[in-house]
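So the structure is just underneath, and the comments pick up after that.
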Amino acid sequence: MINKNSSIPLYYQIKESIKQRIELKEWVVGSTIPSEKKLCELFSVSRLTVRQSIQELVDEGYLSKQRGRGTFILEKKIEQKLLTTTSFTSLMEEQGKVPRNETLSIEKISPPKTVQRILYLSEHSEVLCIKRIRFADDTPLAVETIFLPTEYKGHIIDENINCSLHQFIEENFNVQIGHGKQSIEASIASKKDAECLQLKKNAPLLVIKDVLYLTNKRPFVYVTLAYAGDRFKLSSELENPKINGMLSIY
């Protein structure tokens, strides 16, 4: 079940428990999960904690809330995984471009609920939010938003953050990155992003979201990179000899 003495938040433990029941087909696709009241009794937690767990599973595509009917289990989406990830700085250098950054802001904020869930933060936690424009030569390519725990505020100064984020972490913090997770989605440019990237409002963006974890599996930093859709693409070479072609996302 769940361990209330663990450093892992209760909502996350409940989320993983529900996910496991779905993946083991104890709760089947198309059916409803137990009501919030029954889940509170099952896990001996508050309704607020249960709601946070359910909302994260909705965000991940496992569940769907339907007003007046309940919360339904969805068919899992097909996922195409890209094989490697590369830092922005390394990617630009590989392309023969000169990477450059322009810091827009560095501030302490109350993070959005999504960031709280991703970084395992409590409801009243604060984070450092760093926004900067990433350039290829003199062309603005992406707007980057970095969320870091506030204990690292003493290290954040403009000249420090004007390098690769990976380099910045390695040179300033006594931590060891274990692994990362990445997701990719299409979006449209807000007025502010459009101004930063010299685009029209609602122009297409390709948004890459990265979560870096420490070796103890604790999430350390959350980063979003919103790329101008007409200046960036992703591709993955397929090694299976029976498959010819290249996956490209524009």
Side-chain angles (χ1 to χ4, degrees), residues 1-79 81 107-129 145-152 175 177-185 187 207-224:
M1 295 293 287
I2 62 173
N3 180 2
K4 292 189 176 183
N5 295 319
S6 171
S7 61
I8 298 175
L10 289 176
Y11 81 85
Y12 185 84
Q13 294 185 56
I14 294 169
K15 184 196 82 168
E16 291 300 306
S17 179
I18 294 174
K19 187 190 297 186
Q20 184 180 48
R21 291 166 192 252
I22 294 172
E23 292 175 344
L24 293 176
K25 302 189 187 315
E26 293 179 16
W27 296 351
V28 298
V29 170
S31 66
T32 58
I33 65 171
S35 67
E36 287 184 0
K37 181 179 179 181
K38 289 183 178 179
L39 289 173
C40 290
E41 294 171 353
L42 176 63
F43 295 109
S44 299
V45 297
S46 69
R47 182 163 290 193
L48 183 63
T49 301
V50 165
R51 284 178 179 170
Q52 192 172 2
S53 306
I54 292 173
Q55 185 58 52
E56 184 149 324
L57 289 167
V58 170
D59 293 342
E60 292 181 7
Y62 282 88
L63 301 175
S64 173
K65 293 179 180 178
Q66 297 185 20
R67 185 182 294 275
R69 298 187 61 200
T71 302
F72 287 79
I73 300 170
L74 299 178
E75 187 77 46
K76 190 174 182 182
K77 293 182 180 179
I78 296 172
E79 180 179 2
K81 294 185 177 180
E107 57 185 340
K108 187 164 65 173
I109 65 167
S110 296
K113 294 290 186 182
T114 301
V115 177
Q116 286 182 11
R117 291 196 297 269
I118 290 171
L119 295 181
Y120 298 175
L121 300 174
S122 64
E123 185 177 355
H124 302 293
S125 295
E126 292 184 314
V127 296
L128 289 173
C129 180
T145 307
I146 304 166
F147 296 95
L148 273 170
T150 53
E151 56 260 39
Y152 304 111
V175 297
I177 300 297
H179 70 287
K181 290 184 179 179
Q182 186 176 86
S183 64
I184 303 162
E185 60 187 51
S187 186
V207 182
I208 298 180
K209 302 179 179 181
D210 289 309
V211 185
L212 297 181
Y213 294 79
L214 303 180
T215 51
N216 63 3
K217 299 185 179 180
R218 186 84 179 176
F220 175 73
V221 61
Y222 175 53
V223 184
T224 66

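By convention here, the first residue in the shown sequence is residue 1.
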Contacts of Ser122 meeting side-chain contact (heavy atoms from CB on, under 4.5 Å) (sequence neighbours excluded), chain-then-number -> Ser125
Residues two or more places apart in sequence or in another chain: which of them pass side-chain hydrogen bond (donor to acceptor under 3.5 Å, both in side chains) with Glu41? none
Residues passing the side-chain contact (heavy atoms from CB on, under 4.5 Å) test with Asn3, sequence neighbours excluded, are Asn5, Ser6, Gln13
For the CD atom of Glu56 and the CD1 atom of Ile14, what is their distance to the nearest 0.5 Å? 11.5 Å
Do any pairs count as a salt bridge (Lys or Arg N to Asp or Glu O under 4.0 Å) and have a residue in residues 17-35, sequence neighbours left out, and if so which ones? Glu16-Lys19, Lys19-Glu60
Would you name the heavy atoms of Leu39 and Trp27 that are closest together and state the gap between them? CD2-CH2, 4.0 Å
Name the residue from Val127, Leu128, Val223 that meets the side-chain contact (heavy atoms from CB on, under 4.5 Å) definition with Ile146. Val223
Minimal heavy-atom distance between Gln116 and Pro111, with the atoms involved, is NE2-O, 3.5 Å
Does the side chain of Arg117 come within less than 4.5 Å of Tyr11's, by heavy atoms? yes
Test of understanding: with side-chain contact (heavy atoms from CB on, under 4.5 Å), list the residues that count as partners of Ile118, not counting sequence neighbours. Thr114, Val211, Tyr222
Under 4.5 Å between any side-chain heavy atoms of Ile2 and Val45, yes or no? yes
So, using side-chain hydrogen bond (donor to acceptor under 3.5 Å, both in side chains) as the criterion, who are the partners of Thr145 when residues are at least two apart? Lys131
Any Ile73 side-chain heavy atom under 4.5 Å of Ile33 side chain: yes
Residue pair Gln52 / Pro9, side-chain heavy-atom distance below 4.5 Å: no
Taking side-chain hydrogen bond (donor to acceptor under 3.5 Å, both in side chains) as the test, write out the residues that go with Lys65, two or more places apart. Gln55
Residue set satisfying salt bridge (Lys or Arg N to Asp or Glu O under 4.0 Å) with Arg47, at least two apart, ordered chain then number -> Glu36
Those residues at least two apart in sequence (or on a different chain) that pass side-chain contact (heavy atoms from CB on, under 4.5 Å) with Ser46 are Leu48, Thr49
How long is the gap from CG on Leu212 to NZ on Lys181, to the nearest 0.5 Å? 12.0 Å
Contact summary for Asp210 and Gln182, nearest pair of heavy atoms: OD1-NE2, 2.8 Å
Mind checking what makes side-chain hydrogen bond (donor to acceptor under 3.5 Å, both in side chains) contact with Tyr120, not counting sequence neighbours? Tyr12
Which atom pair, heavy atoms only, marks the closest approach of Leu121 to Val115? CD1-O, 4.4 Å
With sequence neighbours excluded, residues passing ring pair (Phe, Tyr, Trp, His ring centres under 6.0 Å) with His124: none
What one should report as the nearest heavy-atom pair of Tyr213 and Gly180 is CD1-CA, 4.3 Å
To the nearest 0.5 Å, what is the distance between NZ on Lys209 and CD1 on Ile184? 11.5 Å
Nearest heavy-atom pair of Leu74 and Ser64: which atoms, and what distance? CD2-CB, 3.6 Å
Rounded distance [0.5 Å steps], OH in Tyr62 versus CD1 in Ile22: 7.5 Å
